Amino acid sequence: MSNRSILRRKSVEDSLATTDDPDRSLKRDLTAWDLAVLGVAVAVGAGIFSVGATAAANHAGPAVIISFLIASVVCALAIMCYAEFASTLPVAGSAYTFSYATAGEFVAWIIGWDLILEMLLAAAVIAKFWGVYLSDAFGLFGIDVPTTVHLGPVDLEWGPVLVVGVFTALLAVGTKLSTRVNSVFTIIKVGITLFVIVVGFFYVRAENYTPFVPPSEPAASESGLHQPLFAFLSGFDPSTYGVMGILSGAALVFFAFIGFDVVATTAEETKNPQRAVPRGILGGLAIVTVLYILVTVVVTGMVSYTDLAASESPSLTTAFVLVGADWAGKVISIGILVGLTSVIMVLLLGLTRIVFAMSRDGLLPRGVSRTSHRYKTPIRLQVGAGVVVALIAGLSKVELLEEMINIGTLSAFVLVSFGIPILRRTRPDLTRGFRVPWSPVLPIVSGVACLWLMSNLTTLTWLRFAAWLALGIVIYAVYSYRHSRIGRGEAPDPADDLPAPAGH
């Protein structure tokens with residue numbers, strides 16, 4: 001394949017060789033436990049206290065438990081694919097790096113561009129929510145501190161800027177130090193979550209689980225842009241509850257599982273990644289799934305889903321208030337603040353590692369991938385990313401783009417899932433620390449399931465996603481295609497040297 005082709009691929013060997021560049025290398029000091037904590041940290045945030053209640057109220061009723069099981073199974077299938085890739089190719093970049101080795105440069109660029117969207121918006125949205133919950137916590141505890149600073153015509157929320165600034169500084173001076181701080185926050189928030197679950201079980205009443213699957217109802221009239229894409233294209237009238245409600249609920253609660261792909265971006269900083277990455281990712285997912293299902297069982301058992309639906313913004317706090325346990329609001333507000341804090345750190349880490357990998361390959365300016373000889377982190381990139389996230393979170397209504405995070409994550413899951421059979425066929429010789437069972441069936445099922453969840457996101461989200469992709473294609477055509485290291489002959493194009501697929 002010509003190195004002028006947009007489908008030029010980067011071999012596994014060449015990807016591994018890039019980690020030896022002393023000016024662009026990361027320190028391997030993370031363990032399987034560190035990775036599991038990172039996964040739990042990014043998944044157990046405000047969502048555990050709100051997303052299940054929202055899905056129960058507006059989509060599935062008590063059957064939201066099934067929605068969570070569907071979402072967790074889909075995520076588990078995709079995460080197994082990530083684990084195989086990361087144990088085979090332990091290099092920063094996650095789905096971007098994996099796609100470069102299987103589908104070629106253009107697809108890798110697109111997925112890297114998607115991941116930047118996911119991490120950037122997720123970090124900014126979560127930082128924004130952190131500021132909101134900080135203000136709520138001040139109110140609950142009777143502290144009168146303004147959370148907005150007026151700078152002439154501009155209103156700046158200082159909470160998001162503060163939390164992003166602190167973790168940007170920590171990440172700049174070392175990933176291991178950051179993970180230690182993150183571990184403390186994660187243990188605290190898991191403890192608070194378990195406390196809330198245990199107390200909540202004392203208020204559970206069996207009749208609240210009936211009907212477990214509420215009968216389908218026509219949804220409130222919405223414009224086509226706010227309907228799920230599947231409903232918009234098929235002409236079905238949008239509905240809530242019933243089987244379709246369970247499926248749309250699964251698409252919504254999938255937000256709870258974003259972030260496990262972030263863990264794969266740290267493969268280059270992990271000791272013995274062939275063993276540690278699969279164990280860390282899958283272990284973290286197992287813990288998170290159990291916590292989410294327990295919280296959902298509690299919230300749907302404490303109060304009827306119809307009472308939750310009557311609330312303006314249903315959450316676990318709503319359930320406790322409805323049963324007269326108002327004190328829980330303070331505990332949950334602390335849990336949310338602690339939970340969001342560590343989520344922000346992991347997302348900032350993932351964002352910089354994606355940009356770092358793309359920069360090292362020349363698809364973004366090479367200068368930003370330089371690492372500090374002292375700290376072995378890309379300090380300039382980390383600080384730059386922190387500034388961008390802080391400004392977006394502090395100055396804009398970024399929370400309106402929350403669903404964009406889901407579509408960015410799912411698109412990455414699709415390509416990684418379909419990439420497993422491709423790499424198995426083209427490079428059967430590679431050492432794999434973990435293998436997805438029943439390939440190619442499970443990876444294909446994973447990819448199709450992720451596509452189905454994507455089709456349940458709104459038409460407006462798809463249009464915004466298309467605009468983001470169009471911008472990415474322009475940047476690739478104008479800059480990345482011309483500056484790619486493979487395209488410039490600075491790295492070998494392995495496509496012609498790949499072994500022939502079995503049976504040929």
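One is the number of the first residue; the rest follow in order along the sequence. Computed from a predicted structure; not experimentally measured.
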If we ignore hydrogens and angles and just use 3.5 Å, is the side chain of [X] paired with the main-chain N or O of [Y] as donor and acceptor?
X      : Y      : answer
Ser417 : Phe413 : yes
Trp462 : Ser455 : no
Trp130 : Leu337 : yes
Ser67  : Ile246 : yes

Nearest 0.5 angstrom please: [X] [atom1] to [Y] [atom2], how far?
X      : Y      : atom1 : atom2 : result
Thr461 : Met454 : OG1   : CE    : 10.5 Å
Cys81  : Ile420 : SG    : CD1   : 5.0 Å
Ile116 : Thr352 : CD1   : OG1   : 11.0 Å
Leu410 : Leu451 : CG    : CG    : 8.5 Å
Thr300 : Ile65  : OG1   : CD1   : 4.5 Å
Glu157 : Leu134 : CD    : CG    : 10.5 Å

Side chain to side chain, [X] and [Y], heavy atoms closer than 4.5 Å:
X      : Y      : value
Leu170 : Met345 : no
Ile392 : Leu120 : yes
Met302 : Val298 : yes
Trp113 : Tyr96  : no
Val107 : Tyr100 : no
Leu308 : Thr54  : no
Leu291 : Leu194 : yes
Leu348 : Arg353 : no

Measure across [X] and [Y] and return the closest heavy-atom pair with its distance rounded to 0.1 Å.
X      : Y      : answer
Ala101 : Leu423 : O-CD1, 4.3 Å
Tyr241 : Pro214 : CB-O, 3.6 Å
Ser99  : Ile111 : OG-CG2, 3.7 Å
Val299 : Ala319 : CG2-CB, 3.9 Å
Ser411 : Asp114 : OG-OD2, 3.1 Å
Thr102 : Gly419 : CG2-O, 3.7 Å

- Message: For Met80 and Ile281: C-alpha separation, side-chain torsions, deciding distance, then whether side chain to side chain contact (heavy atoms under 4.5 Å, CB included) applies.
- Response: CA-CA 8 Å; Met80 282 196 291; Ile281 294 180; over 6 Å; no

* Asked: Going through the distances and angles, do Thr88 and Phe85 end up as a side chain to side chain contact (heavy atoms under 4.5 Å, CB included)?
  -> CA-CA 5 Å; Thr88 308; Phe85 263 124; 5.5 Å; no

Run the side chain to side chain contact (heavy atoms under 4.5 Å, CB included) check on Trp452 and Leu247 step by step: do they pass? CA-CA 9 Å; Trp452 166 251; Leu247 294 174; 3.6 Å; yes

**Presence of salt bridge, Arg435 and Glu84, under 4.0 angstrom** =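 Salt bridge flag = no for Arg435 with Glu84.
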
Trp438 and Val445: side chain to side chain contact (heavy atoms under 4.5 Å, CB included), yes or no, with the steps? CA-CA 11 Å; Trp438 303 312; Val445 168; over 6 Å; no

field: Donor-acceptor side-chain pairing of Ser304 and Asn208 below 3.5 angstrom
entry: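 Asn208 and Ser304 do not have a side-chain donor-acceptor pair below 3.5 Å.
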
Query - Any donor-acceptor N or O pair under 3.5 Å, side chains Thr168, Gln382 - result: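 Judged by distance alone, the side chains do not pair up.
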
Hey, what's the ring geometry for Tyr82 with Phe98, parallel, tilted or perpendicular (30° and 60° as the breaks)?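 It falls in the perpendicular class, over 60°.
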
task = Could you check Val346, Leu347, Thr341 and say which one makes a side chain to side chain contact (heavy atoms under 4.5 Å, CB included) with Val343?
result =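 One option only clears the test, and that one is Leu347.
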
